[in-house]
Each structure stands twice: as C-alpha cells, then as structure tokens.
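Notes to accompany the following structure.
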Amino acid sequence: MLWRNRTFLLLMTGEVITGSGLWISIIANLQFMQHLIPSDALKGLILMSGLVVSILLSPKAGVVIDRSDKRKIMLVSSLVRCLSPVCMFPAIAHDSLGWMVVSLIIMQASAAFYFPTLQASLPAILPSSELLKANSVYLNISTLSRIGGTAIGGVLVAAMDLRMLYALSVAAYIVVALLTLLLRIPPIASHKRQEKVEFREVLTITKKDPVLLVGLVNMGLITLFLGGINLLVLNFSEIQRTPEMMGWIYGVEGTGILVGGLLAKRWIGGRNLIVSSTVLLFFFALAQYGMSFAESRIMVLGSFALFGMTVAFFFPVTTTVFQKRLAEHQQGRFFSFRSMLDRGVFLIALGTTGLCLDLLGISGYMLVIATATLLTAVITLSYSIKSRLDVRETDEPAAA
C-alpha cells in the first residue's frame with residue numbers, strides 16, 4: 001500500500017532530488033570558501049549563520065504549518081530554496097562572503113518550513129499501520145541522497161566550474177517545486193484552522209506527555225553526538241594516517257543505515273516503540289565504546305556499521321512515536337520545535353566536540369560520550385517501565 005501512494009512517492013522523489021542538490025551545494029560552498037578563508041573556525045561560524053536564522057524562524061514556521069495548507073507551504077518553501085544557489089553567482093563573481101551568508105540564510109529559512117511540513121504530512125496521507133515503514137523509507141532515501149550527493153559533488157567540483165554546480169542545484173530545486181504541484185495532502189479541518197494557534201502550546205503538550213519528553217531526551221543526546229561526527233571522522237583518519245579512512249567510515253555507516261532500514265519494521269513493528277527506542281541507546285553506547293579504540297581500523301569501522309544500523313532503527317521509531325502521540329493540528333508546531341532543538345544541539349556540538357577532543361583526545365571523548373549515553377539509557381528505560389509508557393504501531397494517532 002505504501003508504494004501505491006502517489007503523494008508519498010512524489011515526496012520521496014522530491015527528497016532524493018532535494019538531498020542531492022543540497023549536498024552538491026554544500027560541497028561547492030566548501031570549495032568556494034577554501035581559497036577565501038584559511039581558518040576552519042571561521043568557516044564553521046559562516047556555516048552556522050544559516051542555522052541561527054532557522055532556529056529563530058522555527059516557532060513561526062510551526063504555527064504556519066498547523067494553520068495552513070501543507071502543499072502550499074512546501075511549494076513556497078521549494079521556490080524560495082531556488083534562490084539560495086542563485087545568490088552564489090554574485091558571490092563567485094565578487095569573491096563575496098556576504099552573498100554566501102545570504103545564500104545560507106535562504107537555504108535554512110526554507111528548510112525551517114519544508115522539512116517539518118513533510119514530517120507532519122505523513123500521518124495525513126498514510127494509514128497508521130504504515131507510518132513506521134514510511135519513516136524508515138524516508139531515512140533510507142535521505143541517506144542515499146547524502147551518499148549520492150557527496151559522491152557526485154566531489155566528482156563535479158573537480159571536473160567543472162562552480163557556477164555550473166550551482167546551476168545544477170537550481171535546476172534540481174525547480175524540479176522539486178514542480179513535483180510539489182502534484183501533491184495531494186488532505187487539508188486540516190476548517191474548525192481547527194480557525195482556532196487560535198500558539199507555538200508555546202507545544203511546550204505544554206510536551207511537559208504533560210512523558211512519552212514525548214523521553215523521546216526528545218533520547219533524540220537530543222544522539223543529535224549531540226551526530227553534530228560533531230564529521231570532526232570525529234576527520235580525527236579517526238588522521239590518527240590512522242589513512243586519508244581514505246573517511247570514505248570507508250561514511251560508506252559503512254551509510255550501508256548500516258540502509259540495511260537497518262530494511263529490518264526496522266520487521267524486528268520492531270509489533271513491540272512497544274518508546275521502550276524499543278530507549279533500548280537502542282544501549283547499542284549506541286556499545287558503538288561509541290567501540291570507537292574509543294581509535295587506532296584499530298576494524299573496531300572503528302565495525303562500530304560505525306553498528307552505529308549506522310542503530311540509527312536506522314532509532315530515528316524512524318522515535319518519529320513514529322511523535323506522530324502517534326500528537327493530533328494532526330499539533331504536529332507542525334511539534335516538528336518545528338524538534339527541528340529548532342536539533343539545530344540548537346548541533347550548534348552546541350560544533351563548539352563542544354572540538355574542545356573535548358583537544359582536552360581529552362578522541363579515545364577519552366568517546367569514553368565520556370558512551371558513558372553518558374549508557375547512563376541516559378538506564379534512566380529513561382527505568383522511567384519508561386516504571387511509568388508504563390506504551391506506544392504501539394497499531395495505535396491510532398491522537399484524536400484532534
């Protein structure tokens with residue numbers, strides 16, 4: 001039934017194109033900055049500028065998503081996204097970092113509306129029993145887009161002018177906007193659209209529902225690790241004096257995600273989803289402890305493979321929990337709130353990972369983060385069992 005859903009297929013096709021275009025742009029941005037900015041810290045600050053804007057926009061985005069036609073939001077944000085690579089043409093012509101900052105701000109502003117809308121749309125277009133499978137497919141397609149986009153971007157940046165790369169990104173985003181015109185997403189009930197909608201309501205909902213709170217705590221901890229993962233991969237490569245190690249790590253992690261995505265529904269479909277997501281933290285901790293053996297290629301690659309498979313289970317399961325605990329007219333604000341938290345945690349991770357690596361070394365840092373993950377797993381699992389938190393794939397989404 002999932003693959004017969006026309007709107008879902010269009011959304012996933014758009015995700016492939018969007019993700020590939022995004023990663024091609026990221027590779028091009030890094031290449032553009034290479035000859036202008038010698039400092040890695042300054043490069044990081046420039047890349048963070050767009051994240052800050054998206055955090056500020058998230059509360060407004062959540063309200064708009066819950067009150068407006070989701071297809072129109074995705075269409076407008078797709079059209080706005082086309083302007084991001086366009087801004088890089090004057091940036092290249094004048095070696096202007098200012099135009100690049102404008103490009104990053106437009107990109108992240110668009111993302112603040114587009115991706116929470118996509119996640120909030122899935123329960124509206126799919127039956128409840130298909131949500132876990134759909135979230136797994138979404139994660140797999142995002143992973144394939146990242147792998148394919150970085151591979152294509154790496155080849156193209158060496159083979160053609162940067163202007164051509166940005167032109168390809170513009171073309172990709174225009175195609176996505178055209179696909180969005182074909183979407184059919186059921187509108188929110190008219191009486192719900194007329195109600196007063198406030199972003200702060202999502203805070204009240206989260207505090208009242210321990211399931212949402214546990215899910216956000218678990219996801220926040222993993223996001224903190226993911227925020228600094230590129231720096232970690234670079235360090236593993238340097239320690240082992242093997243430049244190609246970076247490619248191997250990303251490869252085994254991506255493969256782990258793809259394999260895990262195929263098994264997620266089969267292995268977890270009938271179980272308590274909130275307890276399952278908490279148990280998965282123990283596997284994250286095991287993978288992180290394995291990464292502490294930084295000089296062993298086998299341990300590092302094996303740990304990243306385990307980490308990738310665990311990611312493939314964890315994020316679809318946790319997202320499905322959120323979708324089932326929230327009414328349709330609350331999901332836009334909640335996923336915008338989650339997006340805001342993710343970006344905030346990423347900013348913290350960018351600052352703290354490098355500092356911890358300088359102070360503790362990579363093995364010491366991995367032991368610390370693994371222990372933190374293990375303790376969080378023990379606490380949240382005990383709390384979930386004690387409070388009898390139970391969310392099943394067969395549960396109906398919350399009533400409006």
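A quick note: this is a predicted structure, and the numbers were derived from the prediction, not measured. Side chains are part of it too, since the values below use all heavy atoms of this structure and drop only hydrogens, waters and symmetry mates.
Minimum heavy-atom separation, S103 to C87: CB-CB, 3.9 Å. Among all heavy-atom pairs drawn from L75 and A177, the shortest one is CD1-O, 3.5 Å. Here the shortest heavy-atom pairing between A112 and L57 reads CB-CB, 4.3 Å. Residues V176 and G14 come closest through the heavy atom pair CG2-O, 3.7 Å. Shown here for S145 and E15, the closest heavy-atom pair between the two residues is OG-O, 3.4 Å. L118 and M12 make their closest contact through CD2-CE, 4.5 Å (heavy atoms, listed as atom of the first residue, atom of the second, distance).
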Point to revise | Full working for side-chain contact (heavy atoms from CB on, under 4.5 Å) between M291 and F307 | key: CA-CA 10 Å; M291 293 176 197; F307 181 81; 3.9 Å; yes
Exercise for review: Before giving the answer on side-chain contact (heavy atoms from CB on, under 4.5 Å), spell out for I17 and Y173 the whole-Å C-alpha distance, their side-chain angles and the decisive distance to 0.1 Å.
Suggested key: CA-CA 7 Å; I17 300 171; Y173 296 150; over 6 Å; no
Check your understanding: Could you go step by step and tell me if T278 and N218 meet the side chain to side chain donor-acceptor pair (under 3.5 Å) rule?
Key -> CA-CA 7 Å; T278 302; N218 291 347; 3.2 Å; yes
Exercise for review: Show the numbers, then the answer: is there a side-chain contact (heavy atoms from CB on, under 4.5 Å) between L212 and L326?
Suggested key: CA-CA 9 Å; L212 298 179; L326 293 159; 4.0 Å; yes
Review point. Where do M100 and L36 land on the side-chain contact (heavy atoms from CB on, under 4.5 Å) test, with the steps shown first?
Key: CA-CA 12 Å; M100 181 178 184; L36 292 178; over 6 Å; no
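Other residues, nucleotides and ligands place no more than 12 heavy atoms under 6.0 Å from the CD1 atom of I298. In the displayed structure, F89 atom CZ is contacted under 6.0 Å by more than 12 heavy atoms of other residues, nucleotides or ligands. Atom CZ of F283 is surrounded by 12 or fewer heavy atoms from other residues, nucleotides or ligands within 6.0 Å.
The main-chain N or O of V52 is never found under 3.5 Å from a side-chain atom of R343 such that the two would form a donor-acceptor pair. Judged purely by atom type and a 3.5 angstrom limit, S77 uses its side chain to pair as donor or acceptor with the backbone of M74. Of the possible polar contacts, one joining the Q240 side chain to the A294 backbone as a donor-acceptor pair under 3.5 Å is found. Side chain of T13 to main chain of L9: a donor-acceptor pair is present (N/O by atom type, distance under 3.5 Å, no hydrogens or angles). No donor-acceptor pair closer than 3.5 Å links the side chain of S292 to the backbone N or O of M366. Under the 3.5 Å distance criterion, the side-chain polar atoms of S110 are left unmatched by any main-chain donor or acceptor of I106.
Under the 4.5 Å side-chain criterion, counting only non-hydrogen atoms from C-beta, T117 is not in contact with V64. Side chains of L126 and K133 form no contact here, defined as non-hydrogen atoms less than 4.5 Å apart. Proximity of F115 to S339: side-chain heavy atoms (C-beta onward) are nowhere separated by under 4.5 Å. Inter-residue side-chain proximity for P186 and I125 is flagged as met; some heavy-atom pair is nearer than 4.5 Å. For the pair S382 and V378, the minimum side-chain heavy-atom distance is below 4.5 Å. Counting heavy atoms from C-beta on, the side chains of I65 and F335 never come closer than 4.5 Å. Counting only heavy atoms from C-beta outward, the side chains of L182 and R6 approach each other to under 4.5 Å. When side chains are defined from C-beta on, L11 does not count as touching Y138, because their heavy atoms never get closer than 4.5 Å.
Hydrophobic clustering of Ile, Leu, Val, Met, Phe, Trp and Tyr side chains at less than 4.5 Å, counting indirect connections, keeps V170 apart from I105. In the hydrophobic clustering of this structure, L341 groups with V214; members are Ile, Leu, Val, Met, Phe, Trp, Tyr whose side-chain heavy atoms approach within less than 4.5 Å, directly or through other members. Each of L367 and F293 belongs to its own hydrophobic cluster when Ile, Leu, Val, Met, Phe, Trp and Tyr are linked at side-chain heavy-atom distances under 4.5 angstrom. Follow the hydrophobic side-chain contacts under 4.5 Å out from L181 and you never reach L10; the two are in separate clusters. Note: the hydrophobic cluster containing F304 also contains L357 (ILVMFWY, side chain heavy atoms under 4.5 Å, direct or indirect links).
The structure places CD1 of I274 at 4.0 Å from OG of S277, a figure rounded to the nearest 0.5 Å. In this structure, CG on L286 lies 12.5 Å from CG on L281, to the nearest 0.5 angstrom. How far CD1 of I249 is from CG of L232: 9.0 Å, rounded to the nearest 0.5 Å. Atoms OG1 and CG, from T352 and L224 in turn, are 5.5 Å apart once rounded to the nearest 0.5 Å. In this structure, the separation between OG on S169 and CD1 on I174 is 11.0 Å, given to the nearest 0.5 Å. Interatomic distance, CZ of F225 versus OG1 of T373, reported as 8.0 Å (0.5 Å rounding).
There is no side-chain donor-acceptor pair under 3.5 Å between E130 and N5. Judged purely by distance below 3.5 Å, without hydrogens or angles, the side chains of S84 and Y166 never pair a donor atom with an acceptor atom.
Residues satisfying the ring pair (Phe, Tyr, Trp, His ring centres under 6.0 Å) test with F315, not counting sequence neighbours, are none. Legend: residues meeting side chain to side chain contact (heavy atoms under 4.5 Å, CB included) with R388, ordered by chain and number and at least two apart, are absent.
Within the cation-pi definition used here (under 6.0 Å to the ring centroid, within 45° of the axis), R81 qualifies as a partner of Y114.
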